[in-house]
Amino acid sequence: MTVLVTGGAGYIGSHMVWALHDAGEAVVVIDNLSTGFDWALPGDVPLVRGDIGDEALVARVLSEHGVDAVIHFAGSIIVPESVANPLKYYKNNTANSRSLIAACAAKGVDKFIFSSTAAVYGDPEIIPVPEDAPLKPVSPYGTSKLMTEMMLADVAAAHDFRYTALRYFNVAGADPRGRTGQSTAGATHLIKVAAEAALGKRAHLSVYGTDYPTEDGTAIRDYIHVADLVGAHALALERLRQGGDSAVMNCGYGHGYSVFEVIEAVRKVSGRPFETRMEARRPGDSVRIVADASRLRAELGWQPRHDDLTEIVTHALAWEEKLAKRNS
Ligand SMILES: NC(=O)c1ccc[n+]([C@@H]2O[C@H](COP(=O)([O-])OP(=O)(O)OC[C@H]3O[C@@H](n4cnc5c(N)ncnc54)[C@H](O)[C@@H]3O)[C@@H](O)[C@H]2O)c1
Ligand SMILES: O=c1ccn([C@@H]2O[C@H](COP(=O)(O)OP(=O)(O)O[C@H]3O[C@H](CO)[C@@H](O)[C@H](O)[C@H]3O)[C@@H](O)[C@H]2O)c(=O)[nH]1
């Protein structure tokens, strides 16, 4: 039994690979290294450098490695980029996922975990947002992921195939043991950008929108530690292996922080003030997204261990320092 991790050389995928490796699972990674790094992986995990849109390549990997389950992280992830270049997102997140799913269906690989997103909800009316809330993405990124969820539901109805779509809220932090973290150059995620600003890698941090209808005027997100998110995947894999049905589950803590609160936490933990500039709202951004994760807790018995903004920021900063030494 081998687990195929697509996008395993990326930020979240590499944490997953380390966790599977720690648990003694056999793992194979497919990654085209467009935003990932081969050095983020344990040295003895095979990396197939290729594209998940290459159905023949995926089919060969599934057969040669005796894959029984797929955890699918590979994709394009930047909300504003998806507004500017929607077809990139419908290609990489929707069409390429279709190819991957087709290879699984053809080879009888019947367990599939998908990286979905809170962006499928758009601007939810109910906060915290449950899984059965209306799905109204406000960016092509969110739509591209929702389309993949729909394909998975249809394939599961037609074939011997079960899936878990995990809708991640905002993933942050790094491996508490310091083995991997978010390494992408030019990253756009708030905690990563703030950590870079605190370490002097960026001259300033732009705050996108201070006129939102929130307490301090900045947008609110539910930041989940990457280690807790990976823990949810391990439980989802276990459940599918035990015959569990297809399911969709939110992954978040159920409370949010504003952009200003995150900046304050990074300043406090790092002890370094950095410049902030107030800018206009960013296209495709929601005002407030916070998870109702009761299904994840009830169905998987998930219990977060790192639900603490200070800890998330501490791990993000520690990784950023390590990365600075690595790249110097
Ligand atoms: N980071 C977040 O806050 C967040 C939130 C919700 C959902 N997600 C989803 O989680 C997944 C992982 O995100 P991440 O933050 O680790 O991003 P990332 O960019 O670090 O990782 C993506 C990985 O996939 C690889 N890749 C991309 N397209 C590929 C393709 N066609 N074939 C093979 N490899 C390919 C990249 O090289 C990279 O290693 C994505 O699907 C993303 O949409 C992330
Ligand atoms: O330099 C920055 C970066 C971000 N923000 C704001 O911070 C918030 C969070 O932004 P970011 O960290 O970029 O995450 P999101 O745009 O919320 O999207 C992330 O979270 C989604 C789930 O909610 C995922 O699906 C996406 O892949 C992931 O990029 C938003 O209000 C941004 O406008 C800033 O003000 N300045």
Side-chain angles (χ1 to χ4, degrees), residues 5-16 29-38 40-41 47-54 57-58 71-82 88-89 91-93 95-97 99-100 114-121 129 137 139 141-142 144-145 148 166-172 180-184 187-194 196-197 202 204-210 212 214 218-224 226 229 233 250-252 256-260 262-263 276-291:
V5 180
T6 76
Y11 168 44
I12 307 171
S14 63
H15 288 83
M16 185 80 240
V29 170
I30 299 181
D31 198 300
N32 64 10
L33 302 185
S34 53
T35 56
F37 301 91
D38 52 3
L41 295 167
L47 164 67
V48 178
R49 188 171 177 175
D51 201 289
I52 52 141
D54 183 344
L57 170 90
V58 175
I71 310 184
H72 175 33
F73 294 99
S76 301
I77 69 159
I78 301 170
V79 173
E81 184 190 46
S82 80
K88 172 175 175 179
Y89 283 71
K91 168 75 177 151
N92 205 27
N93 292 350
N96 286 344
S97 291
S99 301
L100 174 70
F114 173 55
S115 299
S116 190
T117 167
V120 298
Y121 299 114
V129 59
S139 67
Y141 169 74
S144 71
K145 290 280 182 174
T148 301
L166 295 176
R167 291 181 182 156
Y168 314 164
F169 285 60
N170 288 55
V171 189
T180 186
Q182 195 170 9
S183 310
T184 329
T188 57
H189 291 127
L190 179 63
I191 292 181
K192 166 86 178 167
V193 172
E196 288 179 347
R202 289 183 190 243
H204 71 277
L205 180 145
S206 298
V207 176
Y208 298 123
T210 52
Y212 282 108
T214 60
T218 63
I220 292 180
R221 297 287 184 275
D222 185 341
Y223 295 92
I224 175 173
V226 62
L229 179 72
H233 289 68
N250 284 340
C251 297
Y257 294 98
S258 72
V259 173
F260 282 153
V262 168
I263 292 170
T276 49
R277 290 189 192 163
M278 305 307 134
E279 312 240 6
R281 292 183 184 192
R282 215 174 52 171
D285 273 355
S286 308
V287 181
R288 183 192 297 261
I289 320 185
V290 175

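Read the numbers this way: they start at 1 and go in the same order the structure lists the ligands and their atoms. This structure is a prediction, so every number in the text was calculated from the model and none was measured. The basis for the numbers below is simple: all heavy atoms, side chains too, and nothing from hydrogens, waters or symmetry mates.
For ligand 1, none of its N or O atoms has an N or O atom of Thr184 under 3.5 Å away. Taking any N or O of Val207, backbone or side chain, none lies under 3.5 Å from an N or O belonging to ligand 2. Considering backbone and side-chain atoms together, Asp51 places an N or O closer than 3.5 Å to an N or O of ligand 1. Here's the thing with Ile30: none of its N/O atoms is less than 3.5 angstrom from an N/O atom of ligand 1. Looking at Tyr168 next to ligand 2, no N or O pair under 3.5 Å apart turns up. Between Tyr168 and ligand 1, not a single N/O pair is under 3.5 Å apart. Considering backbone and side-chain atoms together, Thr117 places no N or O closer than 3.5 Å to any N or O of ligand 1. Between Ser76 and ligand 1, no pair of N/O atoms sits closer than 3.5 Å.
Heavy atoms of Leu190 found under 4.0 angstrom from ligand 2 belong to the backbone as well as the side chain. At a 4.0 Å heavy-atom cut-off, ligand 1 does not touch Ala172 at all. Counting heavy atoms under 4.0 Å from ligand 2, residue Ala194 does not touch it at all. Only backbone heavy atoms of Phe169 (N, CA, C or O) come within less than 4.0 Å of ligand 1; its side chain stays farther off.
Closest to atom 24 (C) of ligand 2, if we only count protein heavy atoms, is Thr117 OG1, 3.6 Å. Among all non-hydrogen protein atoms, the one lying nearest atom 40 (C) of ligand 1 is Phe73 O, 3.1 Å.
Taking the six-membered ring where the residue is Trp, Tyr141 and Tyr89 present perpendicular rings, their angle passing 60° and hence far from 30°.
At a threshold of 4.5 Å between non-hydrogen side-chain atoms, the residues Phe260 and Thr214 do not count as touching.
For the pair Tyr121 and ligand 2, no heavy-atom separation below 4.0 Å is found.
Geometrically, Arg288 does not engage Tyr212 in a cation-pi contact, judged by NZ or CZ lying under 6.0 Å from the ring centre and within 45° of the ring axis.
Atoms of ligand 1 lying under 4.0 Å from any heavy atom of Ile77, numbered from 1 in the order shown and given with element: 13 (O), 15 (O), 17 (O), 40 (C), 42 (C), 43 (O).
Side-chain N/O atoms of Thr180 and His15 include no donor and acceptor closer than 3.5 Å.
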